Amino acid sequence: MRHFLNTADWSRAELEAMLDDARAMKKAPLGDALKDKSVALLFLNNSLRTRTSFDIGARQLGGHAVTLSPSGGMWPLEFEDGVVMDGEAEEHVKEAATVLSRYCDMIGVRAFPKFVDWKEDRKDKVLNAFAKYSDVPVINMETITHPCQEMAHILALKEQFELEGRGALDGKKYVLTWTYHPKPLNTAVANSALMAAAKFGMDVTLLCPTPDYVLDERYMMQAEKDCRANGRKLTVTHNIEDAYKDAEIVYCKSWGALPYFGNWAPEKPIRDAHKHFIVDQKKLAMTNDALVSHCLPMRRNVKMTDAVFDGPNCIAYSEAENRLHVQKAIMKALVK
Ligand code: CP
């Protein structure tokens with residue numbers, strides 16, 4: 001039995017096979033690969049796309065999805081082993097995962113960081129606890145990485161470059177740019193985007209305001225390793241012109257600077273000073289007709305201007321649609 005916790009655990013060939021299957025199901029959406037199978041979708045945080053696409057995807061393949069969330073009446077869970085449960089939690093994840101495993105064929109988990117202590121959040125305790133105690137495959141629906149988003153992103157890039165006759169992803173200049181947001185956000189999508197771009201053979205540039213916004217070393221090292229294995233390079237820059245020059249892909253996301261985790265007040269003036277990192281037409285003009293995307297939800301005219309988002313280079317809607325197709329392929333691969 002395998003879980004889908006992080007794309008780093010899967011080879012490029014395995015991921016490519018899932019993407020091929022997703023493309024096939026995009027053309028022929030209905031099937032019976034999940035006939036009489038069920039998936040429990042545990043959401044400890046909000047969602048529009050993930051919740052809808054997993055539920056509909058399971059049903060399109062003859063399966064059934066059950067959504068669980070604290071606001072929907074689920075018992076508060078404890079994720080630490082060996083604790084005296086005299087706080088808010090009524091149930092330990094060991095019981096929750098074991099019981100759900102007896103009802104369901106897969107468990108999806110969304111559990112964002114608590115944004116207090118990155119050393120704790122980087123342990124990805126909720127996801128790992130489910131993986132540890134579940135007897136059925138567990139899917140990461142976004143914790144400190146977002147592998148389903150990353151798969152949808154890669155598929156959207158492949159499709160659009162093919163449509164435009166611009167060839168494969170290998171060797172393309174990929175820019176992951178930090179953008180402003182009034183709040184410090186999760187690094188999950190940025191971590192995943194970095195790893196995906198490296199795994200799929202691109203030259204990767206991370207553009208961020210200062211060294212404090214460089215991502216966790218676990219993901220930087222994974223991306224570095226994959227870039228090296230593919231004969232590519234990973235570049236970090238704080239210079240907008242250098243990053244955008246000749247870029248063929250610009251992926252934008254905001255995230256909080258890890259050194260300020262849990263002590264966000266001193267980070268605010270730094271992020272406020274970098275509102276000009278917004279993806280706009282002036283920056284797009286520096287690129288090699290780059291495809292632009294964002295995982296959504298996105299604050300318009302804060303992270304990306306309307307002109308870019310609604311323009312011909314933006315593939316964010318295709319990426320969002322592809323969540324449905326890639327997640328069906330992931331579920332199929334896991335229940336085999
Ligand atoms: N991109 C993404 O995961 O969207 P939701 O948060 O709406 O699920």
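Numbering of ligands and ligand atoms starts at 1, following listing order. We number each residue from 1, following the sequence as shown. If you're wondering where the values come from, they're calculated on a predicted model, not measured in any experiment.
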Considering distance alone, does some N or O of Pro297 sit under 3.5 Å from an N or O of ligand 1? no
With no hydrogens and no angle check, is any side-chain donor or acceptor of Lys173 less than 3.5 Å from a backbone partner on Ala243? yes
Mind checking the CD-CG spacing from Gln222 to Leu215? Nearest 0.5 Å is all I need. 13.5 Å
Got the closest protein heavy atom to atom 2 (C) of ligand 1, with its distance? Arg323 NH1, 3.3 Å
Which protein heavy atom lies closest to atom 4 (O) of ligand 1, and at what distance to 0.1 Å? Arg49 NE, 2.8 Å
Going by the atom numbers of ligand 1, which of them fall below 4.0 Å from some non-hydrogen atom of [X]?
| X | result |
| --- | --- |
| His146 | 2 (C), 3 (O) |
| Leu48 | 5 (P), 7 (O), 8 (O) |
| Leu296 | 1 (N), 2 (C), 4 (O) |
| Thr50 | 2 (C), 3 (O), 5 (P), 8 (O) |

List the atom pairs, with distances to 0.1 Å, where a side-chain N or O of residues 134-142 and a protein N or O form a donor-acceptor pair under 3.5 Å, not counting sequence neighbours.
unit_1 : atom_1 : unit_2 : atom_2 : d
Ser134 : OG     : Ser101 : OG     : 3.2
Ser134 : OG     : Val136 : N      : 3.0
Ser134 : OG     : Val136 : O      : 2.6
Asn140 : OD1    : Glu142 : N      : 2.7
Asn140 : OD1    : Thr143 : N      : 3.2
Asn140 : ND2    : Leu5   : O      : 2.9
Asn140 : ND2    : Thr143 : OG1    : 3.2
Asn140 : ND2    : Thr145 : O      : 3.4
Asn140 : ND2    : Thr145 : OG1    : 3.0
Glu142 : OE1    : Arg110 : NH2    : 3.2
Glu142 : OE1    : His146 : NE2    : 3.4
Glu142 : OE2    : Asn186 : ND2    : 3.4

Stepwise side chain to side chain contact (heavy atoms under 4.5 Å, CB included) test for Met202 and Arg232: CA-CA 7 Å; Met202 292 181 259; Arg232 309 294 173 199; over 6 Å; no
Checking salt bridge (Lys or Arg N to Asp or Glu O under 4.0 Å) against Asp81, which of Lys94, Lys132, Lys125 comes through? Lys132
Counting heavy atoms only, name the option from Glu142, Glu319, Arg110 that's nearest to atom 6 (O) of ligand 1. Arg110
Please work out, at 4.0 Å between heavy atoms, whether the side chain, the backbone, both, or neither of [X] comes within that distance of ligand 1.
| X | answer |
| --- | --- |
| Val189 | neither |
| Gln149 | side chain |
| Met141 | neither |

Between side-chain atoms of residues 259-267 and protein atoms elsewhere (two or more places apart, or another chain), which donor-acceptor pairs fall under 3.5 Å?
unit_1 : atom_1 : unit_2 : atom_2 : d
Tyr260 : OH     : Asp212 : OD2    : 3.2
Trp264 : NE1    : Phe115 : O      : 3.2
Glu267 : OE1    : Arg271 : NE     : 2.9
Glu267 : OE1    : Arg271 : NH2    : 3.3
Glu267 : OE2    : Tyr213 : OH     : 2.9
Glu267 : OE2    : Ala257 : N      : 2.9
Glu267 : OE2    : Arg271 : NH2    : 3.0

Within 45° cone of Phe161 ring axis and under 6.0 Å: Lys172 NZ or CZ: yes
For Glu164, is the CD atom crowded, meaning more than 12 foreign heavy atoms sit under 6.0 Å from it? yes
